[in-house]
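Not measured: the values here are computed from a predicted model.
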Amino acid sequence: MVLNDWYSKGLSAQEYVDSMKQHQEGFIYIYEHFKIPAEDEPLFANLRGEKWRAIILTEDWCGDAMLNIPIFLRIAEVGRINTQFLARDENPELMDQYLTNEKARAIPKIIIIDQDGKEVLNWGPRAPEIQQFIENATSSLPSKEESQFADKQKEMYQFITKAFRDNEDFRYYVYQDLKNALTNQTH
């Protein structure tokens with residue numbers, strides 16, 4: 001399938017949010033509390049002429065998606081980037097074209113396409129500063145063979161999810177990385 005077909009197959013943002021079983025509250029919280037800085041609005045308004053569209057590969061259990069997607073949706077609103085959502089696990093043939101480090105089905109993946117369905121860029125799963133935070137958080141876990149691994153991993157995921165929801169610096173890092181990726185593509 002070509003990217004235009006994948007786009008046509010997706011859910012709208014509202015349909016995706018309505019269908020969420022996990023992280024819906026955090027997703028909406030971030031969306032409601034994140035605003036594009038006024039001085040940056042013209043940057044994204046300039047994207048309107050590009051008539052870009054976005055396909056977002058995601059799953060509602062993903063903390064990175066809870067953090068990143070609401071920020072992207074704010075940018076998409078100003079830039080008028082129509083966005084459709086596809087579940088990673090239901091679309092492995094597309095996901096496998098966007099593996100992280102050629103092996104991981106890491107999400108979210110935001111695929112920007114032009115009117116002809118040609119890929120302009122893809123972004124994800126996270127900003128470099130967030131990657132560093134995750135690496136630091138996971139480095140303190142015991143080995144998988146140790147009996148307390150599962151409990152410690154669960155605690156770590158709860159800590160990360162709370163940090164993603166509440167840490168405004170994290171929103172800024174994601175925003176800056178998305179802003180740089182998108183504005184470096186315009187001609």
_Same cluster (ILVMFWY, side-chain, under 4.5 Å), Ile55 and Val2_ = no
_On a heavy-atom basis, which atom in Val120 and which in Asp114 lie closest, and how many Å separate them?_
CG2-N, 3.7 Å
*So, for Arg165 and Tyr29, which heavy atoms are closest and what is the spacing to 0.1 Å?*
NH2-CD1, 3.1 Å
_What verdict does the side chain to side chain donor-acceptor pair (under 3.5 Å) test give for Asn91 and Lys9, after you've listed the backbone C-alpha separation in whole Å, the side-chain angles of each residue and the deciding distance to 0.1 Å?_
CA-CA 10 Å; Asn91 298 283; Lys9 185 180 167 183; 2.6 Å; yes
_Of all pairs that satisfy ring pair (Phe, Tyr, Trp, His ring centres under 6.0 Å), the ones with a partner from residues 117-152, not counting sequence neighbours_ = Phe133-Phe159, Phe133-Phe170
*Which atom of Arg171 lies closest to which atom of Phe34, heavy atoms considered*: CB-CD1, 4.1 Å
*Do side-chain atoms of Asp116 reach the backbone of Lys118 as a donor and acceptor pair under 3.5 angstrom?*
no
Which side-chain N or O atoms in residues 80-90 pair as donor and acceptor under 3.5 Å with protein atoms at least two apart or in another chain?
from	atom 1	to	atom 2	distance (Å)
Thr83	OG1	Ile81	O	3.0
Gln84	NE2	Gly10	O	2.9
Arg88	NH1	Arg105	O	2.7

*Would you kindly say whether Gln132 and Asn136 are connected by a side-chain donor-acceptor distance under 3.5 Å?*
yes
*Please check if the side chain of Asn180 supplies one atom and the backbone of Gln176 the other of a donor-acceptor pair under 3.5 Å.*
yes
_Any heavy-atom pair between the side chains of Ile112 and Ile110 that's under 4.5 Å?_
yes
_Looking at Glu50 and Leu47, would you say the former's side chain and the latter's main chain have a donor-acceptor pair under 3.5 Å?_
no
*Would you name the heavy atoms of Ala65 and Pro70 that are closest together and state the gap between them?*
O-CD, 3.6 Å
*Do any pairs count as a salt bridge (charged side-chain N to carboxylate O under 4.0 Å, His left out) and have a residue in residues 119-130, sequence neighbours left out, and if so which ones?*
Asp64-Arg126
_Heavy-atom pair with the smallest gap, counting every atom of Gly124 and Lys109_ = O-NZ, 3.0 Å
_Measuring only between side-chain heavy atoms, which start at C-beta, is Gln24 closer than 4.5 Å to Asp60?_
no
*Sub-3.5 Å donor-acceptor pair from the side chain of Gln148 to the main-chain atoms of Pro142, do we have one?*
no
*With sequence neighbours left out, what residues match Asn4 under side chain to side chain donor-acceptor pair (under 3.5 Å)?*
Arg53
_Heavy-atom check, side chain of Pro108 versus side chain of Leu57, under 4.5 Å_ = no
*asked:* Closer than 3.5 angstrom, by distance alone: can the side chain of Thr138 be matched with the main-chain N or O of Glu135 as a donor-acceptor pair?
replied: yes
*Do other residues, nucleotides or ligands put more than 12 heavy atoms under 6.0 Å from Tyr172 OH?*
no
_If we ignore hydrogens and angles and just use 3.5 Å, is the side chain of His23 paired with the main-chain N or O of Met66 as donor and acceptor?_
no
*Hey, does Ile107 have a side-chain heavy atom less than 4.5 Å from the side chain of Met95?*
yes
*asked:* Side-chain heavy atoms nearer than 4.5 Å, only ILVMFWY residues, links allowed to pass through others: does that put Tyr157 and Ile134 together?
replied: yes
*Counting N and O atoms only, with roles assigned by atom type, does the side chain of Lys35 sit under 3.5 Å from a partner on the main chain of Glu32, one being a donor and the other an acceptor?*
yes
*Kindly state each residue pair satisfying ring pair (Phe, Tyr, Trp, His ring centres under 6.0 Å) with at least one member in residues 92-117, sequence neighbours excluded.*
none
*State, to 0.1 Å, how close Trp6 and Glu93 come at their nearest heavy-atom pair, and which atoms those are.*
CH2-OE2, 3.0 Å
_Check: Trp52 and Leu182 side chains under 4.5 Å, non-hydrogen atoms_ = yes
*For Asp40, check side chain to side chain donor-acceptor pair (under 3.5 Å) against everything at least two apart and list the hits.*
Tyr175, Lys179
_If you define the side chain from C-beta out and look only at heavy atoms, does anything of Phe44 sit under 4.5 Å from Ile36?_
yes
*How about Lys51: does its NZ atom have over 12 heavy atoms from other parts shown lying under 6.0 Å from it?*
no
*Pairwise side-chain contact, Glu25 with Met20, heavy-atom cut-off 4.5 Å (strictly under)*: no
